[in-house]
Amino acid sequence: MSADVTAVVVRLKLSLLRNGLRQSGGRRAAYVASAVVALLFAALQLLGLIALRGNEHAVSVAVLLVAVLAVGWAVMPLFFPGGDETLDPTRLVMLPLRPRPLVRALLAASLVGIGPVFTLCLLVGSVVAVAHGSVAYVVAVVGVVLALLVCVALARAVAVANIRLLTSRRGRDLAVLSGLVIAIGAQLANFGAQRLGSSGLAQLDPAGDVLRWVPPASAIGAVESASSGSYGVAAAQLALSAGALAALVALWSRHLTRLMISPDGSTLQAATESAARERTSTGLGRLLPGGRTGTVAERSLRYIWRDPKTKAAWVTSLAIGLIVPVFNALQGTGSIYFACFAAGMLGIQMYNQFGQDTSAFWMVATTISSPRDAYVELRGRALALLVITLPYATLVTVVTTAMLGDWARLPEALGLSFALLGAMLATGAWTSARFPYSIPQEGYKNVAPGQAGLAWISIFGGMIAAALLCAPVITLTIWLNVMRDGDRWSWVLLPAGALYGAAITLAGLRLAAPKTAARLPEILAAVSRG
């Protein structure tokens, strides 16, 4: 029975892939192009790893590469689950399938695709780089299989654990965790790639000594141990990978069982508790201005705290905005201007303001009857962002300055951050009215089908426009840095940047207000899709 289920699920995966490619020539071309690029990159990595054979530091490079690969498998399902329809087990809930056979079937189906082939190439290259002797090659075969299965099971366990993430009120805490994992995992992968490409592979040995005991990299460490004749150590390292695989499969099976037989009552319970609890203004709400501006700001802040998808986006931006300047400062390659990354990441949250409301925007639309109403609405939303962004951008700038010890440039870094934030608030308000798009509430996608072009224009077009709007402050910064006595006047950049940011924000809100009021039907139709 289990073999029959496995064969059916594998054929289902192949059918989904084949039928998806039949939908359009553009989709086929994109798939073929991505497959060629991925396989070409995998082949180059394979050749590079084989070239390391005989190098005394090859094992450190191999185990670090496999560890980074495992991190990628853990976080990628949170980014691109739409590429594999079988990642969503809720599609199979109504079928008469037991969890254990289904787990085996889905595990086999997970081995079909570009990702597993790419991973297999890197794993083969890793074991070839460290294997010496017939026993080591036998261990290498077992190690490659274990490492590949651990990566796939890790991706599946993460996907199933997060499947209720965006539809459950209690899942908002997991959304925060997922955002942190994405942000930190991406930066760790970048940091690992930089370390792998840096001169002097000996500096990787301390990390390699630790990671060779961490699954699935321990499977590669077992090959090196077998090459040196330490068969007991090799057996222990293989056992660690096998244990990790068993634990991941058990965790996956447990989540799958709960998903298939248990109703998701967290939302209902949260709704009951919410209805029973008296609605009162928070302490922060009492500090906000009165009237519609304060009401809109408080509503936006409540969305940030309570909506899982909005909260995940904010936490990811907060984490990346801090990690990028801090990591660069720790590596000795940082600049105080990297602190502007915090303002940039949080400024992105101003884009597609109405799409964040989804179909509930119609309630907001009924209260907007003039450009003045639209202006106050946009002003309240901008104020909600500033409540978080201003102190956070200031904190990141001060921390980066302290790590670099470049206190003389603190005023200009803050001035640039404030100017950039103002420019992004201005362009975000305008693109929200001009290029709105829907954000699906269910699943992981952040753009409804058919609206990806609008999202790209809104975000990247707005970011380019924001950079151009910051040109006066950037020019003033450069001029003060090249003139003879510019250091004496660098403090001017702080008030200049703050005033310019405030002015450009107000100007952007006023320009966006008439556009918002005039395009309310189009905005409502766009954000209500999906």
Side-chain angles (χ1 to χ4, degrees), residues 164-180 264 266-319 321 345-368 373-393 421 424-425 428-429 432-433 436-442 446 505 509 516 523-524 527-528:
R164 297 291 191 187
L165 173 65
L166 304 179
T167 57
S168 170
R169 174 63 59 86
R170 286 185 175 177
R172 64 188 182 190
D173 295 329
L174 187 56
V176 176
L177 178 61
S178 298
L180 287 173
D264 180 25
S266 58
T267 303
L268 297 174
Q269 182 179 356
T272 304
E273 295 174 355
S274 177
R277 188 166 53 246
E278 181 182 359
R279 298 284 186 179
T280 59
S281 180
T282 61
L284 180 60
R286 299 188 187 98
L287 300 177
L288 296 172
R292 177 166 181 163
T293 299
T295 301
V296 171
E298 185 172 3
R299 182 189 68 210
S300 298
L301 292 172
R302 286 181 182 271
Y303 279 172
I304 293 171
W305 180 250
R306 294 182 176 180
D307 180 63
K309 183 166 285 191
T310 303
K311 192 173 186 179
W314 269 92
V315 170
T316 303
S317 296
L318 289 168
M345 286 300 301
L346 296 183
I348 292 176
Q349 302 303 320
M350 186 65 186
Y351 292 83
N352 196 36
Q353 275 292 305
F354 307 127
Q356 297 175 17
D357 294 355
T358 63
S359 58
F361 178 68
W362 72 269
M363 292 187 292
V364 177
T366 58
T367 66
I368 299 177
D373 293 335
Y375 171 73
V376 177
E377 175 73 24
L378 289 170
R379 185 174 63 185
R381 293 172 183 255
L383 176 60
L385 268 72
L386 289 173
V387 167
I388 301 174
T389 305
L390 273 179
Y392 185 79
L421 179 59
M424 297 196 74
L425 291 177
S432 293
Y437 56 90
S438 176
I439 301 177
Q441 288 299 287
E442 295 184 358
N446 290 319
T505 297
L509 295 179
T516 302
I523 296 173
L524 183 58
V527 303
S528 298

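Listed here is the closest heavy atom pair of G347 and L421: CA-CD1, 4.2 Å. Taking all atoms of both residues into account, the shortest heavy-atom contact from V527 to P436 is CG1-CB, 4.0 Å. The two residues L509 and A429 have their closest heavy-atom pair at CD2-CB, 3.7 Å.
Screening residues 382-393 for salt bridge (Lys or Arg N to Asp or Glu O under 4.0 Å), with sequence neighbours left out, gives no hits. Within the structure, every pair that satisfies the salt bridge (Lys or Arg N to Asp or Glu O under 4.0 Å) test and touches residues 378-387, not counting sequence neighbours, is listed here: D357-R381, E377-R381.
In this structure, S432 contributes its side chain and M350 its backbone to a donor-acceptor pair below 3.5 Å.
Separation of atoms CG (L318) and OH (Y392) is listed at 5.0 Å; rounding is to 0.5 Å. Within the model, atoms OG1 of T293 and OH of Y375 stand 8.0 Å from one another, a figure rounded to the nearest 0.5 Å. Summarising the geometry, atom CD belonging to Q356 is positioned 8.0 Å from atom OG belonging to S300; distances are rounded to the nearest 0.5 Å. Summarising the geometry, atom CD belonging to Q353 is positioned 11.5 Å from atom CD1 belonging to I523; distances are rounded to the nearest 0.5 Å.
For the pair L385 and W314, the minimum side-chain heavy-atom distance is below 4.5 Å. Looking only at side-chain heavy atoms (C-beta outward), I388 and L301 come within less than 4.5 Å of each other. Side chains of Q349 and I304 form no contact here, defined as non-hydrogen atoms less than 4.5 Å apart.
Remark: T310 engages D307 in a side-chain hydrogen bond (donor to acceptor under 3.5 Å, both in side chains) (not counting sequence neighbours). A297 is linked by a side chain to side chain contact (heavy atoms under 4.5 Å, CB included) to L288, L383, A384, counting only residues two or more places apart in sequence or in another chain. Not counting sequence neighbours, the partners of F354 by the ring-ring contact (aromatic ring centres under 6.0 Å, His included) test are F361.
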Does the side chain to side chain contact (heavy atoms under 4.5 Å, CB included) test come out yes or no for T389 and L425, once each step is laid out? CA-CA 11 Å; T389 305; L425 291 177; over 6 Å; no
